[in-house]
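First the proteins, then the strands, lettered A, B, ... as listed; each starts at 1.
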Amino acid sequence: MSPVRRLRRFRRAELPVDTVELARFLIGKVVVRNLKFGRLIGRIVETEAYPIGDVAGHAFRGKTPRNGSLFLERGHAYVYFGYGSSFLLNVSSERPGVGGGVLLRAIEPLEGIERMVRWRGKTKPADIGRGPGRLTKAIKVDLHQDGSDLCAPGPLWLGATTQATGAIGKSVRIGLTRNAQRLLRFYERGNPHVSGPKRLRQ
DNA sequence: TTGGCGATTGGCT
DNA sequence: GCCAATCGCCAAT
């Protein structure tokens with residue numbers, strides 16, 4: 001864990017206009033959650049791309065009330081409730097009207113760790129933001145944030161610090177049955193906050 | 001109207 | 001590592 005230096009929010013123009021490129025780009029960047037009590041910051045260490053035409057993606061069958069945020073211009077939040085238990089946070093990733101998203105699968109806590117631990121309950125430090133459902137629980141994200149602009153000042157946004165990013169690994173995505181063979185998962189190699197089995201973390 | 005299933009988690013072996 | 005819990009979505013009835 002290291003102090004957060006020279007934190008700045010992204011302008012939308014800085015985000016790649018392509019789902020897979022954005023998924024890779026976001027490794028090592030940070031997600032900032034502003035709450036009444038203060039600020040929570042997590043460093044993104046694992047993502048998955050759900051590009052245009054991907055049968056495993058929620059945008060595949062077209063726009064519905066549930067997945068509408070995936071069709072917003074890149075840099076908006078798409079949050080959904082999965083498996084009857086967890087909220088999952090995505091970043092919309094294509095042009096307006098085109099469906100695509102990047103799932104944020106894991107963060108390394110940088111700021112507000114005590115608060116994250118309180119909301120997560122009893123857990124190992126490495127597990128605070130390790131997994132997409134744990135991540136949202138740690139930074140208090142739910143359906144209220146669905147559709148919000150992550151490139152605007154406000155309760156939830158994406159940014160960068162000066163901290164260097166380690167080697168980036170690439171693998172199959174986790175937990176899929178359809179279209180499971182494509183290498184669309186990105187992660188910082190060896191980072192203990194990355195989810196999945198050991199072979200998918202190194 | 002209904003049944004199967006999923007971008008998961010936590011507890012137990 | 002395995003498995004049950006949990007519930008909204010959607011395709012098929």
Side-chain angles (χ1 to χ4, degrees), chain A residues 18-27 31 42 44-72 74-94 98-109 116-147 150 156 158 169-188 192-202:
Chain A
D18 176 90
T19 301
V20 180
E21 285 180 35
L22 180 64
R24 175 183 276 274
F25 173 87
L26 287 176
I27 300 298
V31 56
I44 299 167
V45 294
E46 181 186 357
T47 63
E48 282 178 357
Y50 290 86
I52 298 170
D54 174 16
V55 295
H58 288 184
F60 181 71
R61 290 177 192 78
K63 192 174 170 180
T64 67
R66 176 210 191 193
N67 69 13
S69 301
L70 281 177
F71 293 77
L72 296 173
R74 70 191 190 284
H76 286 80
Y78 164 55
V79 182
Y80 79 96
F81 183 60
Y83 286 104
S85 57
S86 308
F87 294 101
L88 281 74
L89 172 62
N90 298 250
V91 181
S92 69
S93 52
E94 295 288 339
V98 178
V102 172
L103 171 68
L104 303 188
R105 284 197 56 93
I107 53 170
E108 173 184 348
M116 294 185 197
V117 168
R118 190 182 314 170
W119 288 318
R120 281 276 289 108
K122 185 169 181 280
T123 185
K124 292 190 298 184
D127 286 345
I128 294 171
R130 184 172 178 270
R134 293 166 170 176
L135 179 160
T136 56
K137 198 169 178 185
I139 63 173
K140 256 186 138 50
V141 163
D142 59 26
L143 294 181
H144 290 105
Q145 282 72 48
D146 182 44
L150 303 176
L156 186 66
L158 294 169
K170 190 183 191 181
S171 81
V172 294
R173 294 172 292 182
I174 292 177
L176 300 192
T177 54
R178 292 174 302 190
N179 208 6
Q181 79 291 355
R182 297 178 68 185
L183 302 180
L184 295 175
R185 171 176 174 270
F186 299 93
Y187 57 97
E188 184 172 56
H193 298 87
V194 172
S195 77
K198 190 176 287 182
R199 69 191 163 80
L200 293 182
R201 288 189 263 134
Q202 53 200 11

With a 4.0 Å cut-off on heavy atoms, is [X] in touch with a base, just the backbone sugar-phosphate, or nothing at all?
X	result
A/Ser86	sugar-phosphate
A/Arg178	nothing
A/Arg66	sugar-phosphate

Could you please name the option among [options] that lies closest to any side-chain atom of [X]?
X	options	value
A/Tyr50	B/dA7, C/dC10, B/dG10	B/dA7
A/Tyr78	C/dA11, B/dA7, B/dG10	B/dA7
A/Thr177	B/dT9, B/dG6, C/dC7	B/dG6
A/Tyr83	B/dT9, C/dA11, B/dG6	B/dG6
A/Phe81	B/dA7, C/dA11, C/dG8	C/dG8
A/Arg120	B/dG10, B/dT9, B/dA7	B/dG10

In this structure, how many angstroms lie between the [atom2] atom of [N] and the [atom1] atom of [X], rounded?
X	N	atom1	atom2	answer
A/Asp146	C/dG8	CG	P	15 Å
A/Leu176	B/dC5	CG	C1'	13 Å
A/Leu89	B/dT8	CG	P	14 Å
A/Lys137	B/dT8	NZ	P	16 Å
A/Glu46	B/dT8	CD	C1'	13 Å
A/Asp127	B/dG10	CG	P	8 Å
A/Leu103	B/dG6	CG	C1'	13 Å
A/Phe87	C/dC9	CZ	P	11 Å

Phosphate OP1/OP2 of B/dT9: any A/Arg130 side-chain N/O under 4.0 Å: no
Under-4.0 Å side-chain N/O to phosphate OP1/OP2 contact, A/Arg61 with C/dA11: yes
Nearest heavy-atom neighbours spanning A/Arg130 and A/Val194: NE-O, 2.8 Å
A/Asn90 and A/Val102, any side-chain heavy atoms less than 4.5 Å apart: no
Parallel, tilted or perpendicular: ring planes of A/His58 versus A/Tyr80, cut at 30 and 60 degrees: perpendicular
N-O pairing of A/Arg173 and A/Asp54 below 4.0 Å: yes
A/Arg185/A/Glu46 ion pair, N-O < 4.0 Å: yes
Identified pairing partner of C/dT6, criterion: Watson-Crick or G-U wobble below 3.5 Å: none
